[in-house]
Amino acid sequence: MNEFPGKEEKEERSLNFIEQIITEDIRSDKTGGRVHTRFPPEPNGYLHIGHAKAICLNYGLAEKFNGLYNLRFDDTNPLTEEVEYVDSIMEDVRWLGYDWEERLYYASDYFDVLYEWAEKLIKKEKAYVCDLSAEEISAQRGTPTRSGMESPYRNRNIDENLDLFSRMKEGEFKEGEKVLRAKIDMSSPNMHMRDPVMYRIIHAGHHRTGDKWCIYPTYDYAHGQSDSIEGITHSICTLEFEVHRPLYDWFIRELEIFPSRQIEFARLNLSYTIMSKRKLLQLVREGHVSGWNDPRMPTITGLRRRGYTPESIRYFADRIGVAKRNNVIDVALLEHSAREDLNKKAVRVMAVLNPLKLIITNYPENQSETVDAVINPEQQELGKRKVPFSREIFIEREDFMEDPPKKFFRLGPGREVRLKYAYIIKCEKVIKDSQGNITELHCTYDPLTRSGLPDANRKVKSTIHWISAPHAKEVEVRLFDRLFLKEDPDDAGEGRDFKSNLNPDSLKITKGYISTGIESLRPFDKFQFERIGYFCADPDSAPEKPVFNRTVTLRDAWARSTQNK
RNA sequence: UGUCCUGUGGUGUAAUUGGCAACACGUCUGACUCUGAAUCAGAAGAGUCCAGGUUCGACCCCUGGCAGGACAACCA
């Protein structure tokens, strides 16, 4: 899973900090040489590229150390979790190329054990039922710089606690009336150690356990224990859980269960991209995008529809590395990852997006022929396809300039250019309408320069793509740009939010013309429109009406040089 | 005026544990090219947050600062 075709298996790479920890743990025989990781999504939203980093990390680690990895849904909050999300998550993880085999778990699988363990803690006088309201608990917790106050219920006796806890479970109380709390230290400098809540009452059905429970464990009282139950050796999570680690360890110690080890890494941030589930949900709900799978979304499903391949995402995850410092990865690296993989895979096809009619005046009327076009120069074995050529063609408007600057190599009055796979032509005349807009070009061709002919190798300054006009089939093309105008979308002025930075031009729908190469089109088929970019067939495509999404443009030195002026 | 974490080219990650900063993306040249792509060759760009200290030698160890982040849901 770690080889990227084309990149000769690399020189030993140095270990990242997690691999170093694992290596050390193996050396000191902490786990009997065993490595077992897990990816623990909460099914309350769609997976995004940041999750992809975590998946590749967790599963990559297991593979690297010949270990195992689990998929575990962290479903302890029935209020926000839905099956729709668990289904999409499984689909996305599988699509990324990871198979958890039979090791699919849910935190809710452990509700019974968790309950027994809670009783155990009560018996050890390490947990108690507290009648304070959420507001009161919050008020008594203190602040990071001021210690908290102990709950008046903190010293209830064991039997009373046991009784109350079981009655909580039986549904005798209303939501918020009681909680079970760990009895630790209200003056700890770590807020999470100030008698954290372990169970709260929620009278709501759960997507898996139905109405069996009306008390649900909190993250802190479920996560580490789930890790432990599954024998997870290294529990990898993001930085914000760093302060939870003492609590994670506390529960494991008090419960005397398998000591999983929590390791935190910095989550992925991408420039011009928003990663918060809450904000992504907002974009969906408010209709700023068409859905979770809008190709402009950083979700896995969005990237997939955009034309990204699993390999390109894994390559990306591999390139960004893992560390503990906060980071912002340049989207250019993501785009590079797409090109890297697509260059090798995408079938080449000539498409014209902004057509300019060109008539070859010395080409016989009513004649046409076919020329051979390479399907993919990176995969010569795929051979060639026949492309129709005729007297009237379309070229890209941007490939002609009436008054070209010195560095412009393409077509201009009196200039010569090669039509890729066909002939060299010369522009003889520019036709305009009454407003002065260029409506067509009259050119002549040199029959001896047909590609493949012995005398065809005359040098011209550039080669452009084209489409035979009579053979042109119209297609829909969706051109995407970054969703946000600012590198940091959250950088909005006073009283504004990230939505004020939305790019109004992030989606442009236009038409394109293709003569051949897209017969038997299937959704998600990948193409390179030569000299333009990588495109992917959208599921919206119909046999008579293909729709293409632009994944990413080709690198374009000319465009870059003109932009810099 | 708490606790914890983190500071290395524009961005990200390294430096085999103390031996004089490397790789990738990006940028810029040039070669090649029937994709201004790809490929190939090369360049610029940091002296490692700051100040002391230990050492023959510090990105790495120590001390003190400074800066950024996390933590006060019955979210995860």
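The sequence lines fix the lettering, A, B, ..., with proteins before strands; numbering per chain opens at 1.
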Whole angstrom value for the distance that separates [atom2] of [N] from [atom1] of [X]:
| X | N | atom1 | atom2 | answer |
| --- | --- | --- | --- | --- |
| Glu264(A) | U6(B) | CD | P | 10 Å |
| Phe17(A) | U6(B) | CZ | C1' | 11 Å |
| Trp250(A) | C4(B) | CH2 | C1' | 20 Å |
| Asp185(A) | U3(B) | CG | C1' | 12 Å |
| Ile464(A) | G36(B) | CD1 | P | 10 Å |
| His336(A) | C23(B) | NE2 | P | 16 Å |
| Ile18(A) | U13(B) | CD1 | C1' | 13 Å |
| Leu554(A) | U35(B) | CG | P | 11 Å |

Looking at the base of [N], is there any donor atom on it, or on the side chain of [X], that sits under 3.5 Å from an acceptor on the other one?
| X | N | value |
| --- | --- | --- |
| Arg319(A) | U13(B) | no |
| Arg531(A) | G36(B) | no |
| Arg146(A) | U1(B) | no |

Would you indicate what [X] reaches in the nucleic acid, counting non-hydrogen atoms under 4.0 angstrom: base, sugar-phosphate, or nothing?
| X | value |
| --- | --- |
| Val374(A) | nothing |
| Gln528(A) | base |
| Val328(A) | sugar-phosphate |
| Arg555(A) | sugar-phosphate |
| Gly452(A) | base |
| Tyr534(A) | nothing |
| Arg181(A) | nothing |

**Item:** More than 12 heavy atoms of other groups within 6.0 Å of Met149(A) CE
**Value:**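 Not buried by this count: 12 neighbours or fewer within 6.0 Å.
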**Prompt:** Is the count of non-hydrogen atoms from other residues, nucleotides or ligands lying under 6.0 Å from Lys486(A) atom NZ greater than 12?
**Reply:**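 More than 12 heavy atoms, drawn from other residues, nucleotides or ligands, come within 6.0 Å of this atom.
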**Complete:** RNA chain B nearest-nucleotide lookup for Leu15(A) and Phe408(A): closer to the 5′ end is Leu15(A)
**Asked** Just one of Phe173(A), Tyr216(A), Tyr221(A) clears the ring-ring contact (aromatic ring centres under 6.0 Å, His included) bar with Tyr199(A), so which one?
**Response**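 Checked Phe173(A), Tyr216(A), Tyr221(A) against Tyr199(A); only one passes ring-ring contact (aromatic ring centres under 6.0 Å, His included): Tyr221(A).
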**Item:** Qualifying residue for ring-ring contact (aromatic ring centres under 6.0 Å, His included) with Phe527(A), from Phe548(A), Phe535(A), Tyr534(A)
**Value:**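 The passing option is Phe548(A).
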Looking at [Y], does the NZ or CZ of [X] lie under 6.0 angstrom from its six-membered ring centre and within 45 degrees of the ring axis?
| X | Y | answer |
| --- | --- | --- |
| Arg482(A) | Tyr272(A) | yes |
| Arg531(A) | Phe529(A) | no |
| Arg72(A) | Tyr105(A) | no |

**Request:** Report yes if at least one side-chain N or O of Arg560(A) is closer than 4.0 Å to OP1 or OP2 of U27(B); otherwise report no.
**Result:**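 Arg560(A) to U27(B) OP1/OP2: side-chain N or O found under 4.0 Å.
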Of the nucleotides [options], which one has an atom closest to the side chain of [X]?
| X | options | answer |
| --- | --- | --- |
| Lys324(A) | A15(B), U6(B), U35(B) | U6(B) |
| Ile329(A) | C28(B), G12(B), G36(B) | G12(B) |
| Gln20(A) | C25(B), U35(B), A15(B) | A15(B) |

**Item:** Among Lys386(A), Arg450(A), Lys384(A), salt bridge (Lys or Arg N to Asp or Glu O under 4.0 Å) partner for Asp372(A)
**Value:**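 The option that passes is Lys386(A).
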**Message:** Using modelled atom types and a 3.5 Å cut-off, is there a donor and acceptor pairing between side-chain atoms of Arg348(A) and backbone atoms of Ala346(A)?
**Reply:**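 At least one qualifying donor-acceptor pair exists.
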[N] versus [M] - spacing of their [atom1] atoms, nearest Å:
| N | M | atom1 | value |
| --- | --- | --- | --- |
| U16(B) | C60(B) | P | 12 Å |
| G36(B) | A31(B) | C1' | 14 Å |
| A21(B) | U48(B) | P | 12 Å |
| U3(B) | G12(B) | P | 28 Å |
| C50(B) | G7(B) | C1' | 11 Å |
| A44(B) | C28(B) | P | 16 Å |
| U13(B) | U8(B) | C1' | 10 Å |
| C59(B) | G9(B) | C1' | 14 Å |

Using the glycosidic torsion, which applies to [N]: syn (within 90° of 0) or anti (everything else)?
| N | value |
| --- | --- |
| U35(B) | anti |
| A73(B) | syn |
| G47(B) | syn |

**Prompt:** Below 4.0 angstrom, N of the basic side chain to O of the carboxylate: do Asp490(A) and Lys279(A) qualify?
**Reply:**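 Lys279(A) and Asp490(A): salt-bridged.
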**Asked** Judged by modelled atom types alone, do Tyr46(A) and Glu84(A) share a side-chain donor-acceptor pair under 3.5 Å?
**Response** yes
**Prompt:** Are a donor atom and an acceptor atom from the side chains of Ser228(A) and Gln225(A) found within less than 3.5 Å of each other?
**Reply:** no
**Item:** Letter per nucleotide, 5' to 3', of nucleotides 67-76 of chain B [B base touched, S only sugar-phosphate touched, - untouched; heavy atoms, 4.0 Å]
**Value:** --SSSBSBSB
**Request:** Heavy atoms under 4.0 Å is the rule here; annotate nucleotides 42-49 of chain B 5' to 3' with B where the base is hit, S where only the sugar-phosphate is, and - elsewhere.
**Result:** --------
**Message:** In terms of relative ring orientation, are Phe408(A) and Trp558(A) parallel, tilted or perpendicular, with 30° and 60° separating the classes?
**Reply:** perpendicular
**Asked** What stem regions, each of at least 3 consecutive Watson-Crick or G-U pairs below 3.5 Å, can be found for RNA chain B?
**Response**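 So the stems come out as B:2-7 with B:66-71, B:10-13 with B:22-25, B:27-31 with B:39-43, B:49-53 with B:61-65.
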**Request:** Enter the distance from Tyr85(A):OH to Thr80(A):OG1 here, rounded to the nearest 0.5 Å.
**Result:** 9.0 Å
**Asked** Which atom pair, heavy atoms only, marks the closest approach of Glu175(A) to Ile201(A)?
**Response** CG-O, 3.3 Å
